[in-house]
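Before any comments, here is the structure.
Here is how names work: the chains are called A, B, and so on, in the same order as the sequence lines, proteins then strands, and each is numbered from 1. Basis for what follows: all heavy atoms, side chains included, without hydrogens, waters or symmetry-related copies.
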2 protein chains.
Amino acid sequence: MSQHRPPGAPERPVAVPALPDLPEATVARLPEYLRALHNLAENGHETVSSEWLAGAAGVNSAKLRKDLSHLGSYGTRGVGYDVALLIDQIEYVLGLTQRRSVALVGVGNLGHALAGYDGFATRGFRIAALFDADPVRVGEEINGLVVRHVDELSRVATEESIAIGVIATPAAAAQRVADRLVAGGVTSILNFAPCVLTVPDGVDVRKVDLAIELQILSFHEHRKASRTALPAVGEAALPPLPGSLAATNPQEAIGT
Amino acid sequence: MSQHRPPGAPERPVAVPALPDLPEATVARLPEYLRALHNLAENGHETVSSEWLAGAAGVNSAKLRKDLSHLGSYGTRGVGYDVALLIDQIEYVLGLTQRRSVALVGVGNLGHALAGYDGFATRGFRIAALFDADPVRVGEEINGLVVRHVDELSRVATEESIAIGVIATPAAAAQRVADRLVAGGVTSILNFAPCVLTVPDGVDVRKVDLAIELQILSFHEHRKASRTALPAVGEAALPPLPGSLAATNPQEAIGT
DNA sequence: CGCGATTTGTGCGTGTCTTCACAAGCGCTT
DNA sequence: AAGCGCTTGTGAAGACACGCACAAATCGCG
Ligand SMILES: NC(=O)c1ccc[n+]([C@@H]2O[C@H](COP(=O)([O-])OP(=O)(O)OC[C@H]3O[C@@H](n4cnc5c(N)ncnc54)[C@H](O)[C@@H]3O)[C@@H](O)[C@H]2O)c1
Ligand SMILES: NC(=O)c1ccc[n+]([C@@H]2O[C@H](COP(=O)([O-])OP(=O)(O)OC[C@H]3O[C@@H](n4cnc5c(N)ncnc54)[C@H](O)[C@@H]3O)[C@@H](O)[C@H]2O)c1
C-alpha cells in the first residue's frame with residue numbers, strides 16, 4: 001500500500017527529523033501511547049517510565065521503547081520520558097498539530113452516533129460536513145451542521161480541504177461514495193461499510209467492521225470450547241467434517 | 001493472550017480436523033472471505049477461483065490459498081473452490097454454526113446504533129440483552145428488548161449464556177463493566193471505549209477505536225504531504241523539532 | 001486415451017515484527 | 001568524585017507473515 005516511491009524523493013537520508021519511516025505496527029500503537037500520556041498529564045505526572053507507559057497501553061515495555069526510539073524521541077536513562085515532550089513529539093509525527101477536517105457520509109443509524117461523538121474534536125479532528133442521499137435527511141441539522149446532499153460531496157470536499165472521509169452508508173453505496181471522495185481530493189478514507197473499496201494508489205483506506213470483530217471473537221470462543229470439552233461429546237467439536245463430504249447438511253440447527 | 005496451555009490438552013496432535021491452529025492473521029481474514037462467498041452464493045455462483053475470491057476480499061491470491069489450506073479445505077485443482085462447501089467450512093471453523101448471544105452494555109449514542117444494527121443477526125449473532133446504568137434508560141425498549149440495569153449484568157450473563165459482551169459505555173466505566181462481564185462468565189469482549197481493559201487469562205478482548213483509526217490516517221496524510229512538499233520551505237518538514245520546543249505552529253498549507 | 005489448459009497447494013526466500021538481554025547513560029547519594 | 005541503582009536504547013535471535021513461482025492435480029476435448 002505504501003510501497004510506491006514517487007520519483008520526487010530520491011532516497012535522500014535527511015538528517016533532520018523530517019518524518020522517520022515508521023513501521024506500520026508502530027504507527028498503529030502511537031495513538032494508544034498518546035492517550036495514556038494525556039491521562040498522565042491530566043493527573044499531573046511529568047515523567048513516566050517505559051514500564052509504566054507500556055502497562056497503560058497494554059504492550060511489552062521493550063516494544064514501547066523501540067517504538068519511541070524510532071521517532072528519535074529521547075527519554076532520559078535512569079529517569080524515563082518527559083510526558084509533555086513525548087505528547088508533542090507523537091502529536092507532531094501523527095500530524096495532529098493541524099486539525100484535520102472530516103467529512104461524514106451517510107447520516108443514518110451509525111452516522112448519527114458518529115456525528116454526535118465528541119471524540120472527534122477532543123482528538124484533533126473536526127467534522128466539517130455531513131452528507132446523505134436521502135432527501136428526507138438532507139437539510140436536517142445535527143450538532144450545528146446541516147446535512148448536505150451527496151451530490152455536493154466532491155465539490156465541498158475540495159472547497160473545504162477535507163482530509164479524511166468517513167463512510168457510514170450501506171455497503172451497496174460505499175464504492176460510489178468513495179469514488180466521489182477521491183474525486184474531491186480526499187486521500188484518506190475510514191470505511192464502516194462491510195465491503196472492500198477500490199481506490200487509486202496514494203489513497204489510504206482503513207476499515208472498521210463490527211461483524212468481523214465478532215467473528216474473530218467467535219473463533220476463539222469456539223476454540224476455547226473445543227479445548228475444554230474434548231472429553232465430552234457436547235459442543236460441535238466432534239462432527240469430523242469429512243472434508244470431501246457434500247456441502248449440504250449443516251444440521252447444527254441455525255434458525256435464521 | 002492465547003499462549004496458555006491448559007493442562008487438560010497435552011499437545012495431542014489430533015488427527016481429526018477438530019480445530020486447526022490457525023495463524024491469527026488468517027483468522028482475521030476468514031470473515032472477509034466469508035462475506036465475499038455469501039455474495040457469490042446469492043448471485044448463483046457455485047464455484048470460485050482463488051484469484052477471483054482474493055480480488056473480492058482485497059488480498060493476494062496466494063495468501064488466500066494458504067489461508068484456506070490451513071483449515072484443510074480442499075478446492076479442486078483446475079476448477080476452484082465450491083462456494084457452498086467453503087462457506088460451511090469457514091462458518092464451522094469460526095464457530096458460527098451456533099448462534100452466539102451478545103450482551104450490549106451502554107445504550108447511549110453508539111449503543112443505540114449498535115442495538116438497531118441488523119448486521120448482528122445476519123452474521124450469526126443475537127443480541128440477547130441490553131444494559132445501562134442510567135435509570136432513565138433502564139426500562140426503555142429497543143428493538144423488542146428491554147434495557148436492564150447493569151447491576152443485573154453478571155446474573156443475566158450467566159443465565160442467558162452470554163458468549164460475547166460489547167462495551168459501549170464511557171471509558172471511565174468500561175473496566176467495571178468488563179469485570180462484571182467476566183464475573184458473569186463471559187470470555188469474549190468487544191470494547192468500543194477508548195481504554196485498555198485488564199482481564200484474566202482466557203478472556204479475549206478486541207478493541208475498536210475510532211480515534212485511533214483516524215490518527216493512523218492522519219499520520220499517512222502527514223507523510224504524503226511532507227513527501228510532495230519537500231522542495232518548498234512550506235509544510236512542517238523543516239522545523240527541526242528541537243526536542244524541547246513547543247509543538248505549536250500548525251502553519252501547514254494543504255494544497256489538496 | 002492422451003494432452004493441454006487451468007488452478008490448487010506449498011516450499012522457500014524475504015521482510016517485518018516481537019522479545020530478550022544487556023551495555024551505556026543518568027542522577028542521586030555518600 | 002566515585003559508586004550504585006535505575007532506566008533507556010538497541011543488537012541479535014526467534015517467530016510470524018507475505019508472496020513468488022512451480023509442481024501436482026483435475027477437467028474437458030479431440
Ligand atoms: N448501525 C450500526 O451500528 C453499524 C455498525 C457497524 C457497521 N455498520 C455499517 O454502517 C453502515 C451504515 O449503517 P446504518 O445502520 O447507519 O445504516 P442506515 O441505513 O441507518 O444509514 C445509512 C444512511 O446512508 C444513507 N445513504 C444511502 N445511500 C447513500 C449514498 N449513496 N450516499 C450517501 N448516503 C447514502 C441513507 O440515506 C442512510 O441515511 C452500514 O454499511 C452498516 O453495515 C452499522
Ligand atoms: N458515539 C460514537 O460515535 C462513538 C464512536 C466511537 C467510540 N465511542 C465510544 O463509545 C462509548 C460510548 O459512546 P457514546 O457516544 O454512546 O456515549 P453516551 O454517553 O451517549 O453513552 C454512554 C452510555 O453508557 C451508559 N453508562 C454509563 N456508565 C455505565 C455503566 N457503569 N454501566 C452501564 N452503562 C453505563 C450511559 O448511561 C450512557 O447511556 C464511549 O466510550 C465512546 O468513547 C463512541
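For the OP1/OP2 pair of C/dC26 and a distance below 4.0 Å, the side-chain nitrogens and oxygens of A/Y74 include no atom meeting the criterion. Side-chain N/O atoms of A/R65 include none lying less than 4.0 angstrom from OP1 or OP2 on C/dA24. Contact check, B/Y81 against D/dT26: no side-chain N or O comes under 4.0 Å of OP1 or OP2. Residue A/S50 places at least one side-chain N or O under 4.0 Å from the OP1 or OP2 atom of D/dT8. The shortest distance between the side-chain N/O atoms of B/T76 and the OP1/OP2 oxygens of C/dT8 is not below 4.0 Å.
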Under the side-chain contact (heavy atoms from CB on, under 4.5 Å) criterion, do B/E32 and A/V196 qualify, and how do the steps go? CA-CA 9 Å; B/E32 199 79 52; A/V196 175; 3.7 Å; yes
Applying side-chain contact (heavy atoms from CB on, under 4.5 Å), run through A/L71 and A/Q89 and close with a yes or a no. CA-CA 8 Å; A/L71 45 87; A/Q89 292 226 8; 3.8 Å; yes
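Residue B/Y117 places its OH atom among more than 12 non-hydrogen atoms of other residues, nucleotides or ligands, all under 6.0 Å distant.
Nearest to the side-chain atoms of A/A25 among the listed nucleotides C/dC17, C/dT10, D/dG9 stands C/dC17.
In this structure, A/D82 atom CG and D/dT8 atom P are separated by 13 Å, rounded to whole Å. In this entry the distance linking CD of B/E51 with P of C/dT6 reads 13 Å, nearest Å. The CG-P distance, from B/L22 to D/dA17, rounds to 11 Å in whole Å. As rounded to whole Å, 13 Å separates atom C1' of C/dT10 from atom CG of B/L68. Here C/dG13 presents its P atom at 21 Å from NZ of B/K63, a figure rounded to the nearest Å. In this structure, B/N60 places its CG atom 13 Å from P of C/dT8, rounding to the nearest Å. Following rounding to the nearest Å, B/L64 (CG) and D/dC20 (P) show an atom-to-atom distance of 14 Å. The interatomic distance linking A/E24 (CD) with C/dG15 (P) rounds to 18 Å, in whole Å.
At a cut-off of 3.5 angstrom, the base of C/dT8 holds at least one donor-acceptor pair with the side chain of B/R77. Side-chain atoms of A/K66 and base atoms of C/dT19 include a donor and an acceptor less than 3.5 Å apart.
In this structure, B/A62 reaches the bases: a heavy-atom distance under 4.0 Å links it to at least one base atom across the strands shown.
Judged as a side chain to side chain contact (heavy atoms under 4.5 Å, CB included), and not counting sequence neighbours, the contacts of A/A183 are A/S154.
Looking only at distances, a side-chain donor or acceptor of A/R100 sits under 3.5 Å from a matching main-chain atom of A/G95.
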